[in-house]
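Since the structure comes first, as structure tokens, the remarks are kept for the end.
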Amino acid sequence: MDVLKPCPLFQNSLMSALLAGDFEGKMTVGELLEKGDTGLGTFEGLDGEMAVIDGKAYKMTSDGKAREASNEEKSPFAAVTAFCPSIFLEAGESEDLEGQIRSHLPGSNYPCALKCSGEFKKVTTRTVSKREKPWGPMKEAVDEQKVCEFEKVKGDVVGFWTPKAFEGPCVSGFHLHFISESRDFGGHILSVEAKQVFVQIAFCPLITFSLPQSSLFASAQLTPEDLSSQIAYAEKTHE
């Protein structure tokens, strides 16, 4: 493989902890932005989806709307990187966006950060609504998710492609969030169709996990037998 510039990835908590119902805020948005300028996550109590792009964090709520998040808001789960892409491509309307990205990945065993900018034919997103304590498992929140469809929109897709070997700590396959060019709507991507999109891929062989020091995390069931199906149900990702 070609020698690519390594782009360190920082992740706050584990996906399996989120699935188990640990929605407690671990880091502030301000602290996350010190770790990276591009990525995604969620907010305490699953109060919206997070997209991090160009050094700013945005909060997408269950009505599909978005606003810039304050530095004081907290997150139970997020992944960010100081984005330094090494691979570039263009995807047109007749092309499968995820398939095009997958064909340009630097092997099948490396996590990669992604940023796709341009015009999209259609983007289908979901956003879960804020949960109140006592928090249940994430499946309950997903059952009440709000789905939005946006057509002929300009904006950015940010997120990650992660190998199957990292499933549990991360979401394997594609995990992507959309934010409009106007930065006022978006969400977690269920499906996306490109019209004319410029794709940047960053190579992420270096990963740092920050594990919460809390009784909730300490007692969470992180390795359920149906882990793969729980992730697929919650994220609707493609491997």
Side-chain angles (χ1 to χ4, degrees), residues 4-13 15 18 26-43 48-60 66-71 73-91 97-98 100-102 104-106 110-118 120 123 125 127 153-163 166 169-189 192 194 197-210 235 237:
L4 304 175
K5 183 178 180 180
C7 191
L9 173 60
F10 173 86
Q11 185 171 298
N12 171 36
S13 194
M15 184 61 199
L18 199 66
K26 316 298 193 309
M27 297 185 71
T28 65
V29 167
E31 290 170 331
L32 285 170
L33 293 179
E34 292 177 359
K35 302 293 185 179
D37 55 23
T38 304
L40 50 71
T42 187
F43 293 87
E49 305 286 349
M50 179 192 298
V52 180
I53 183 168
D54 298 332
K56 295 182 179 180
Y58 296 89
K59 183 175 187 175
M60 287 93 75
R67 64 166 175 80
E68 188 172 350
S70 71
N71 284 339
E73 291 184 81
K74 292 185 176 182
S75 171
F77 173 86
V80 294
T81 184
F83 195 63
C84 47
S86 298
I87 301 169
F88 308 89
L89 63 140
E90 293 187 7
L97 180 58
E98 291 182 354
Q100 286 291 301
I101 293 172
R102 192 182 290 108
H104 285 79
L105 294 174
Y110 298 104
C112 292
L114 312 169
K115 181 180 177 182
C116 312
S117 305
F120 297 86
V123 183
T125 68
T127 305
V153 294
K154 292 183 178 180
D156 297 275
V157 170
V158 292
F160 302 91
W161 183 89
T162 307
F166 291 80
C170 308
V171 175
S172 65
F174 288 100
H175 186 185
L176 307 171
H177 287 187
F178 173 77
I179 182 76
S180 66
E181 185 178 64
S182 55
R183 305 298 191 238
D184 57 1
F185 62 89
H188 170 95
I189 290 179
V192 57
V197 177
F198 179 61
V199 180
Q200 302 175 73
I201 303 174
F203 177 54
C204 300
L206 308 173
I207 305 177
T208 299
F209 292 99
S210 178
E235 299 297 317
T237 55

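Once rounded to the nearest 0.5 Å, the distance linking SG of C112 with CD of Q200 reads 13.0 Å. The distance from atom CG of L97 to atom CG of L176, rounded to the nearest 0.5 Å, is 8.0 Å. Atom-to-atom distance recorded for T127:OG1 and K59:NZ is 11.5 Å, nearest 0.5 angstrom. With rounding to the nearest 0.5 Å, the separation of SG in C170 from CZ in F77 is 6.5 Å. Here CE of M27 is found 7.5 Å from CD of E34. Values are rounded to the nearest 0.5 Å. With rounding to the nearest 0.5 Å, the separation of CD1 in I201 from CZ in F160 is 13.5 Å.
Two residues are said to be in side-chain contact when any heavy atoms from C-beta on lie closer than 4.5 Å; V52 and L32 fail this criterion. Considering only heavy atoms from C-beta on, L40 stays 4.5 Å or farther from H188 through its side chain. Proximity of P163 to P111: side-chain heavy atoms (C-beta onward) are separated by under 4.5 Å at one or more points. Put simply, the side chain of I53 does not reach to within 4.5 Å of the side chain of F83, judged on heavy atoms. Put simply, the side chain of R183 reaches to within 4.5 Å of the side chain of D54, judged on heavy atoms. When side chains are defined from C-beta on, L18 counts as touching P76, because their heavy atoms get closer than 4.5 Å.
Taking the charged nitrogens against the carboxylate oxygens, K115 and D37 have no contact shorter than 4.0 Å, which rules out a salt bridge.
Judged as a ring pair (Phe, Tyr, Trp, His ring centres under 6.0 Å), and not counting sequence neighbours, F166 has no contacts. In this structure F120 satisfies the ring pair (Phe, Tyr, Trp, His ring centres under 6.0 Å) test together with F178, sequence neighbours excluded.
Other residues, nucleotides and ligands contribute only 12 or fewer heavy atoms inside 6.0 Å of the NZ atom of K35.
Of all the heavy atoms in S86 and K5, the pair that sits closest is OG-N, 3.4 Å. The heavy-atom pair separating G186 from T125 by the smallest distance is O-OG1, 4.0 Å. Looking at every heavy atom in both residues, T42 comes nearest to G48 through OG1-O, 2.8 Å. Contact detail for F174 and V171: the closest heavy-atom pair is O-CG1, 4.4 Å. Contact detail for A194 and V197: the closest heavy-atom pair is CB-CG2, 3.5 Å. Heavy atoms only, all atoms of each residue included: A113 and C204 are closest at N-SG, 3.6 Å.
The backbone N or O of S13 lies less than 3.5 Å from a partner atom in the side chain of Q11, making a donor-acceptor pair. For the pair T38 (side chain) and V80 (backbone), a donor-acceptor distance under 3.5 Å is absent. Checking side-chain atoms of T162 against main-chain N and O of G173 turns up no donor-acceptor pair under 3.5 Å.
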Check against side chain to side chain contact (heavy atoms under 4.5 Å, CB included), Y110 and L4
CA-CA 12 Å; Y110 298 104; L4 304 175; over 6 Å; no

Decide yes or no on side chain to side chain contact (heavy atoms under 4.5 Å, CB included) for M50 and S75, but give the supporting numbers first.
CA-CA 9 Å; M50 179 192 298; S75 171; 3.9 Å; yes

Apply side chain to side chain contact (heavy atoms under 4.5 Å, CB included) to residues I189 and E98 and explain how you reach the verdict.
CA-CA 12 Å; I189 290 179; E98 291 182 354; 5.5 Å; no

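The list of salt bridge (Lys or Arg N to Asp or Glu O under 4.0 Å) pairs with a residue in residues 198-210, not counting sequence neighbours, is empty.
C116 pairs with exactly one of L89, I101, D156 by the side chain to side chain contact (heavy atoms under 4.5 Å, CB included) rule, that one being I101.
Aromatic ring orientation, F88 versus F198: parallel (interplanar angle below 30°, classes split at 30° and 60°).
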